[in-house]
Amino acid sequence: MPLSVAHFRRKVEDFLGKSDLRLEDVDVYLTIQDQEGEILAGGGLKGDVIKCVAVSAAARSLGLSVPLFSRLISIASERGITNVKVFTKPGNESVFESLGFHTIATAPKAILMENGRGLESYLGYLGQHRRSGRNGAIVMNANPFTKGHQYLVRDSSRQVDNLYVIPVKEDVSRFPYLERRQMIASGCEGLAEVLEGSAYQVSSATFPTYFLKDLSDASETQMRLDLDLFGRHIAPALGVTVRFAGSEPADPLTARYNELMREILPSYGITFCETERLCDDEDPLSTPHIHNSHVNGDPPDIAAIGISASRVRKSLDQGRLPWRLVPSGTWPYLVAEAVRRSMLMELDAPLKPGLVDPDRSGAHTDMDYSLMKGSIDVIRRSFINHSGEKDLVSLGKAVENDVLGYTGGVNTYRGAIFSQLIMARAFLEVLSRPGTDHAGLPSQLQKAISALASLVNPTDTSNGGQAVKEYGVKGALAMALGGYEELFGSWLPYYRSVRGEEFGLQKTLLLIMSSLDDTCIIHRAGYSRAQEVKAEASALLADFSVEGLKEMDKVFLRERISPGGCADMLALTILADNLLN
């Protein structure tokens with residue numbers, strides 16, 4: 001059924017509604033219909049889970065479940081999925097057993113079954129890590145890993161001989177599984193053994209509404225299934241007799257999950273221990289050489305809730321980098337998010353003369369919004385993947401090659417890669433220094449940028465090289481050697497003064513255009529025209545109007561002028577604001 005078509009989607013929703021079910025997200029939905037087009041039976045597949053299954057009352061004696069499920073299993077197999085799971089009512093257990101499924105978890109209102117040896121294989125993996133003694137476990141999403149998570153791990157490790165941390169593997173979080181696991185491993189070093197996650201703990205297979213944050217009867221059933229699977233299979237494989245979790249003062253779903261752990265786990269011989277959430281003013285894990293009396297501007301009621309991943313994500317969304325709330329191993333991932341946000345904010349801003357935005361490609365014929373946005377995502381991932389590169393030039397070339405591979409050779413962000421990476425690297429270096437304080441970050445960041453730039457061979461940054469030689473303008477390396485003096489001295493203060501305005505980004509762009517010798521403009525229109533553009537931008541900023549911005553855009557499109565270097569500096573100004581806010 002093509003669910004993207006409203007008519008067919010409503011038809012499936014009405015069919016499921018008659019069985020008191022609702023349509024959830026599926027990759028494919030199959031139906032068996034009569035000659036009049038009435039749905040007799042239907043079922044969907046999402047990843048490796050069969051869901052949204054129903055048979056009409058009039059057709060329940062026709063044996064339609066077998067061909068329906070056989071086809072869904074066949075589709076899964078065609079997609080490389082050999083281990084399919086299904087939620088069903090206890091009364092349907094024999095039907096699925098006839099199709100090769102076996103039960104792996106039960107709850108009063110539902111059972112979870114699978115038709116392969118996925119759980120058996122995962123339990124074998126866990127058994128290889130089992131050690132003797134009193135063993136405990138924590139299952140965490142860590143989106144991202146915070147000092148609150150680290151506090152829970154440290155406190156729990158003191159109460160057992162061996163502590164295992166199992167990351168949630170489902171990739172529906174802001175930070176993907178591999179990054180979350182790396183953050184957890186870094187933060188748990190010397191405290192716990194971090195295992196591989198699976199589809200058998202807090203995933204769409206065992207607990208789908210965990211990610212929807214919807215406390216309902218369905219959620220209650222799925223939580224019970226998840227805990228039955230843990231108590232019956234996961235814990236025995238590791239010899240776990242204690243499960244730890246942090247308290248939850250804000251989210252009712254997670255709070256109810258904790259209540260159910262306290263109620264259900266003892267029946268499996270497992271003690272549940274809940275640790276009070278870590279608050280800022282009692283943080284024994286705070287980095288001692290970094291001082292910040294007012295954390296990220298959070299109001300007292302937010303700070304009182306304590307340190308949480310949701311609070312960190314909210315800060316990132318608001319353009320603040322909450323480095324004090326996370327261990328140093330998490331810093332690079334937050335900085336990567338800040339890089340992505342700053343570049344995306346520049347790209348998303350409309351009415352930028354000659355530049356790409358969500359509605360058009362500006363003065364460019366080889367790139368569009370989709371290609372630019374995809375390039376930003378590649379830069380973010382590549383920065384993390386190549387973070388082990390000690391040399392800035394090697395890091396930059398690795399990221400640039402990843403982007404060029406994605407774009408098919410189109411140079412979407414070459415200049416931005418250099419400026420974004422050098423500021424990101426400098427910021428991380430400053431944070432790691434003893435004696436750093438929040439008030440001194442701007443000046444120390446400038447010095448660190450300059451120091452990193454001094455290690456770069458001029459031949460390694462050839463952007464605008466001809467303009468630099470011919471006209472003596474500052475190139476990318478020269479600006480970095482100066483610690484981006486104009487950015488910190490002029491562009492950033494101005495951006496902060498207009499940040500809340502509707503056209504604040506466009507005004508900041510005009511300010512940058514009025515002072516920067518943009519080698520992109522020089523390359524496209526010549527040095528003389530580039531100087532005229534600077535004067536025109538200054539005049540428009542002094543007497544700003546949307547009509548004036550539109551008129552400048554028309555001229556730039558006609559003359560094929562693109563202030564790409566200025567756009568890079570706008571994104572860099574936004575990044576500086578994020579890092580220092």
Side-chain angles (χ1 to χ4, degrees), residues 25 47 49 122 126 136-156 163-188 191-215 219 222-223 225-227 229-230 234-235 240 243-261 265 272-278 305-317 322 325-327 329-330 332-334 336-337 384:
D25 182 34
V49 180
Y122 184 62
L126 295 180
I138 301 172
V139 179
M140 64 170 61
N141 197 28
N143 183 37
F145 188 81
T146 70
K147 286 184 178 178
H149 293 109
Q150 194 175 51
Y151 175 74
L152 170 63
V153 171
R154 179 165 293 176
D155 184 66
S156 302
L163 181 64
Y164 303 100
V165 177
I166 304 175
V168 172
K169 193 169 187 177
E170 197 78 11
D171 254 337
V172 295
S173 300
R174 180 172 188 154
F175 295 87
Y177 167 71
L178 290 178
E179 292 185 5
R180 288 185 286 106
R181 191 181 184 283
Q182 288 165 358
M183 284 186 262
I184 295 170
S186 173
C188 293
L191 300 173
E193 182 175 2
V194 180
L195 302 174
E196 290 290 345
S198 73
Y200 300 100
Q201 278 295 276
V202 191
S203 72
S204 63
T206 63
F207 197 178
T209 47
Y210 173 86
F211 302 104
L212 303 179
K213 297 299 182 184
D214 172 30
L215 186 58
S219 300
Q222 289 149 0
M223 284 187 271
L225 282 173
D226 184 77
L227 292 174
L229 200 153
F230 179 84
I234 306 294
V240 164
R243 179 154 171 182
F244 300 94
S247 62
E248 180 48 68
D251 177 51
L253 186 73
T254 306
R256 178 57 180 156
Y257 188 52
N258 283 3
E259 291 176 6
L260 287 175
M261 282 197 281
L265 291 180
F272 174 64
C273 293
E274 186 177 58
T275 300
E276 285 299 313
R277 177 169 289 187
L278 182 67
I305 293 176
I307 297 175
S308 68
S310 59
R311 181 175 162 196
V312 171
R313 295 194 303 272
K314 183 177 180 180
S315 292
L316 291 172
D317 290 338
L325 301 182
V326 301
T330 301
Y333 301 90
L334 300 194
E337 276 291 289
I384 293 296

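Both backbone and side-chain heavy atoms feed into the values below; hydrogens, waters and symmetry mates do not.
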Visitor: Give the intermediate values and the outcome of side-chain contact (heavy atoms from CB on, under 4.5 Å) for residues F230 and M261.
Guide: CA-CA 10 Å; F230 179 84; M261 282 197 281; over 6 Å; no
Visitor: Side chains of T330 and Q150: does their closest heavy-atom pair fall under 4.5 Å?
Guide: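 The answer is no; the side chains never approach within 4.5 Å.
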Visitor: I want to check something: taking the side chain as every heavy atom from C-beta on, are L191 and L163 in contact at a cut-off of under 4.5 Å?
Guide: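 No - every pair of side-chain heavy atoms lies 4.5 Å or more apart.
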Visitor: Do Y122 and I234 touch side chain to side chain, with heavy atoms closer than 4.5 Å?
Guide: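 With C-beta onward as the side chain, the pair touches.
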Visitor: To the nearest 0.5 Å, how far apart are CE in M140 and CZ in F244?
Guide: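 Going from CE on M140 over to CZ on F244, the span is 11.5 Å.
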Visitor: Taking the side chain as every heavy atom from C-beta outward, state whether M183 and V326 have any pair of such atoms under 4.5 Å apart.
Guide: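 Not in contact.
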Visitor: Look up atom CG in D171 and atom CG in L178, then write down how far apart they are to the nearest 0.5 Å.
Guide: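 One gets 7.0 Å once the value is rounded to the nearest 0.5 Å.
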Visitor: Are any non-hydrogen side-chain atoms of H149 and V165 less than 4.5 angstrom apart?
Guide: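 Counting from C-beta outward, H149 and V165 never come under 4.5 Å.
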Visitor: Donor-acceptor check, side chain of T146 to backbone of S308, threshold 3.5 angstrom: yes or no?
Guide: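 Pair absent, no side-chain N/O of T146 close to backbone of S308.
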Visitor: Can you tell me how far CD of E337 sits from CG of L316, rounded to the nearest 0.5 angstrom?
Guide: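 Between L316 CG and E337 CD, I get 6.0 Å after rounding to 0.5 Å.
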Visitor: Rounded to the nearest 0.5 Å, how far does CG of L126 lie from CD1 of I166?
Guide: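 The distance works out to 6.0 Å.
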Visitor: Under the side-chain contact (heavy atoms from CB on, under 4.5 Å) criterion, do R277 and I307 qualify, and how do the steps go?
Guide: CA-CA 7 Å; R277 177 169 289 187; I307 297 175; 5.6 Å; no
Visitor: Between the main-chain N or O of F175 and the side-chain N or O of N143, is there a donor-acceptor pair closer than 3.5 Å?
Guide: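 Yes; at least one donor-acceptor contact below 3.5 Å.
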Visitor: Show the nearest heavy-atom pair for residues G246 and L152, with the distance to one decimal.
Guide: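 Reported closest heavy-atom pair: N-CD2, 3.7 Å.
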Visitor: With a 4.5 Å limit on heavy-atom distance, are the side chains of E196 and Y177 in contact?
Guide: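 The answer is yes, as the side chains (C-beta and beyond) meet within the 4.5 Å cut-off.
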Visitor: Between atom CD of Q201 and atom CG of N141, what is the distance when rounded to the nearest 0.5 Å?
Guide: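 Taking CD in Q201 and CG in N141, the distance rounds to 12.5 Å.
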Visitor: Could you go step by step and tell me if D317 and R174 meet the side-chain contact (heavy atoms from CB on, under 4.5 Å) rule?
Guide: CA-CA 11 Å; D317 290 338; R174 180 172 188 154; 2.7 Å; yes
Visitor: Between R180 and V168 (side chain of the first, backbone of the second, donor and acceptor by atom type, cut-off under 3.5 Å), is there such a pair?
Guide: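 Side chain of R180 to backbone of V168: a pair is present.
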Visitor: Is the closest side-chain heavy-atom distance between C188 and E193 below 4.5 Å?
Guide: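 Answer no - side chains too far apart.
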Visitor: So, do K147 and L325 sit near enough that their side-chain heavy atoms are less than 4.5 Å apart?
Guide: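 Contact flag for K147/L325 side chains = no.
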Visitor: If every non-hydrogen atom of A309 is compared with every non-hydrogen atom of P144, which pair is closest and at what distance?
Guide: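 Scanning both residues, the minimum pair turns out to be CB-O, 3.6 Å.
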Visitor: What distance do Y200 atom OH and K169 atom NZ have between them, rounded to the nearest 0.5 Å?
Guide: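 The NZ atom of K169 is 10.5 Å from OH of Y200, to the nearest 0.5 Å.
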Visitor: Step by step, work out the side-chain contact (heavy atoms from CB on, under 4.5 Å) result for R243 and L227.
Guide: CA-CA 11 Å; R243 179 154 171 182; L227 292 174; 4.0 Å; yes
Visitor: Salt-bridged, R256 to E248, with N to O below 4.0 Å?
Guide: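 No, R256 and E248 are not salt-bridged.
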Visitor: Shortest non-hydrogen contact from S247 to N258?
Guide: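 Closest pair (atom of S247, atom of N258, distance): CA-ND2, 4.1 Å.
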